[in-house]
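Structure record follows, encoded as structure tokens.
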There are 2 protein chains.
Amino acid sequence: MTSHAKQGIPAATVARLPLYLRALGTLSDEGVTTVSSEELAAAAGVNSAKLRKDLSQLGSYGTRGVGYDVDYLVYQVSRELGLTQDWPVVIVGLGHLGHALANYGGFASRGFEVRALVDADPDIVGTRVAGLVVSPLDALEEIINAQGVAIAVIATPAMAAQDVCDRLVASGVSSILNFAPSMLVVPEHVEVRKVDLSIELQILAFHEQRKAPLLTPMAQAATS
Amino acid sequence: MTSHAKQGIPAATVARLPLYLRALGTLSDEGVTTVSSEELAAAAGVNSAKLRKDLSQLGSYGTRGVGYDVDYLVYQVSRELGLTQDWPVVIVGLGHLGHALANYGGFASRGFEVRALVDADPDIVGTRVAGLVVSPLDALEEIINAQGVAIAVIATPAMAAQDVCDRLVASGVSSILNFAPSMLVVPEHVEVRKVDLSIELQILAFHEQRKAPLLTPMAQAATS
DNA sequence: AAGCGCTTGTGAACGAGAGCACAAAGTGAG
DNA sequence: CTCACTTTGTGCTCTCGTTCACAAGCGCTT
Ligand SMILES: NC(=O)c1ccc[n+]([C@@H]2O[C@H](COP(=O)([O-])OP(=O)(O)OC[C@H]3O[C@@H](n4cnc5c(N)ncnc54)[C@H](O)[C@@H]3O)[C@@H](O)[C@H]2O)c1
Ligand SMILES: NC(=O)c1ccc[n+]([C@@H]2O[C@H](COP(=O)([O-])OP(=O)(O)OC[C@H]3O[C@@H](n4cnc5c(N)ncnc54)[C@H](O)[C@@H]3O)[C@@H](O)[C@H]2O)c1
């Protein structure tokens with residue numbers, strides 16, 4: 001029983017590591033070699049104690065009285081996130097959003113490589129998007145196996161999402177990023193993250209509505 | 001002192017209300033008139049006790065022994081989220097992502113109306129996207145005031161995001177949905193939500209890496 | 001080598017959220 | 001009317017996460 005505590009890094013910490021990584025990358029580009037938790041926390045927009053606790057989960061990579069070595073920390077965080085290797089990614093659904101994603105340069109810069117594009121529409125299959133030829137849906141299983149894809153992006157309409165998801169999982173994909181507004185049901189071992197525009201906007205609307213009534217004269221009077 | 005508890009709805013609850021609303025919409029379309037917390041929770045993918053607690057924050061809209069009236073609950077949740085009114089939205093940055101967003105039908109269906117598109121590139125300004133003519137960046141303030149925009153979407157490169165954000169805030173926008181991978185600094189009263197592709201993928205990569213070593217023969221042997 | 005100032009790493013207090021379990025409140029049958 | 005059954009609304013506990021505050025540790029100066 002090694003009490004390394006390496007076993008479980010809190011989910012909240014994992015979600016922030018990419019944030020730190022980005023801030024560190026910027027600092028590194030600026031030629032900064034050493035950074036304190038206070039500075040890095042400010043750059044990432046978090047509390048410095050939280051940042052220190054997060055980083056301490058990975059090990060003791062700081063130097064008291066000095067701070068953290070930027071490049072070394074970049075390496076350690078990258079390693080922890082599994083970014084020292086490249087991850088082949090497949091995008092399913094090449095409508096408006098799928099096109100944008102396929103053309104997005106931000107993938108490759110962090111170790112993700114879009115290896116294949118898949119769509120169900122015969123008019124789209126065969127066309128060239130971002131340097132790749134769009135494959136038919138039938139080829140999905142073959143592509144996943146041939147390319148060793150473990151991470152997939154779903155950008156199909158909501159109705160098709162669960163179906164596509166099932167096929168991805170059956171083919172061995174165990175991490176899915178879902179843009180369709182639907183609840184995906186998956187086996188225990190599959191990790192799904194969803195990005196939902198509509199939900200974000202609705203949350204913003206909630207806050208807007210909360211603010212608006214405060215400006216009315218009536219509300220002012222009621223507080224007296 | 002009205003003990004209405006109307007004052008503070010937990011953030012976690014607000015984030016789930018759109019989920020419930022979507023599930024309720026589907027049920028309503030299917031002709032379902034009444035739903036129990038158990039059923040709705042399953043449809044939304046959450047624990048039923050959590051759902052009941054969330055809904056009880058809005059008021060006592062259920063009937064014991066029966067459940068919730070679907071249409072009535074749709075109305076109450078919509079009202080709470082501020083979706084009974086239309087929100088004019090402006091999209092800044094019409095590259096790949098901005099085009100996809102502008103063409104996305106999911107906005108209007110929930111009370112969000114894209115009123116204006118803004119870009120800095122002279123080649124893009126003046127073109128027609130999704131039925132709207134793209135306006136120049138200079139017109140930003142005027143558009144926001146004229147259209148009464150309170151919610152803005154930033155889809156510019158990261159470098160331009162803070163600058164655009166500052167101008168939006170100065171013009172009176174108080175809710176921002178940011179797609180650029182950058183930390184926006186805003187005054188207290190402005191609500192920012194960010195959607196970050198790259199972060200989501202990195203979190204997936206972390207989990208993939210955690211899983212991978214478990215499949216090696218050595219790990220298998222170690223468990224015996 | 002000793003002292004001083006700075007920064008990390010972490011114990012501990014605090015707060016928010018998840019989920020259990022059950023009383024309260026409704027429906028419908030007899 | 002009463003009883004059995006269903007489902008809501010909520011008190012309570014437990015877990016997870018955040019933040020404070022400070023001892024421990026490091027380097028620089030004298
Ligand atoms: N466009 C946006 O900005 C945006 C924003 C948020 C969410 N979304 C969501 O993302 C998804 C895609 O949006 P979009 O605007 O690109 O839609 P779209 O209609 O433009 O594209 C959908 C694509 O999926 C393909 N497709 C349909 N069924 C398929 C299947 N079974 N297998 C593979 N491909 C299939 C279609 O041929 C089409 O090319 C939708 O669920 C939408 O709700 C889009
Ligand atoms: N494309 C994607 O799938 C994707 C995914 C995740 C995140 N993002 C992020 O979204 C943003 C946009 O991505 P994209 O692929 O559409 O990039 P893009 O380069 O295709 O588009 C950027 C657009 O913003 C405009 N612009 C630049 N400076 C501006 C300014 N100051 N004011 C107004 N407009 C300005 C440009 O003219 C261009 O049209 C980027 O920050 C990117 O990192 C994109």
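In what follows, every heavy atom counts, from backbone to side chain, and hydrogens, waters and symmetry copies are set aside. Letters go in sequence order (proteins before strands), and every chain restarts at 1.
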Item to check | Residue-phosphate contact under 4.0 Å: A:Ser37 side-chain N/O, C:dT8 OP1/OP2 | outcome: yes
Next on the checklist: Once rounded to the nearest 0.5 Å, what's the spacing between atom OG of B:Ser182 and atom CG of B:Asp163?
Outcome noted: 11.0 Å
Checklist entry - Judged by modelled atom types alone, do A:Arg110 and B:Ser198 share a side-chain donor-acceptor pair under 3.5 Å? => result no
Checklist entry - How long is the line joining CD of B:Glu38 and P of C:dC20, in whole Å? => result 10 Å
Next on the checklist: In this structure, how many angstroms lie between the C1' atom of C:dC6 and the CD atom of A:Glu39, rounded?
Outcome noted: 12 Å
Checklist outcome for this item: Taking every heavy atom of B:Glu208 against every heavy atom of A:Ile151, the minimum-distance pair comes out as CG-CG1, 4.0 Å
Checklist outcome for this item: B:Leu40 atom CG is separated from D:dT7 atom P, nearest whole Å, by 14 Å
Checklist entry - Which whole-number value in Å describes the distance from A:Leu73 CG to C:dT8 P? => result 11 Å
Item to check | Nucleic acid footprint by protein, nucleotides 9-19 of chain D - heavy-atom cut-off 4.0 Å, B for base, S for sugar-phosphate alone | outcome: BBBB----SSB
Item to check | Length of the CG-C1' vector between B:Asp69 and D:dT7, whole Å | outcome: 15 Å
Next on the checklist: Going by ring-ring contact (aromatic ring centres under 6.0 Å, His included), B:Tyr61 matches just one of B:Tyr20, B:Tyr68, B:Tyr72. Which one?
Outcome noted: B:Tyr72
Next on the checklist: Can a donor-acceptor pair be found, under 3.5 Å and without considering hydrogens, that links the side chain of A:Glu38 to the backbone of A:Ser48?
Outcome noted: no
Next on the checklist: Checking side-chain polar atoms at under 3.5 Å, does B:Ser171 have a donor or acceptor matched by the opposite partner on B:Asn145?
Outcome noted: no
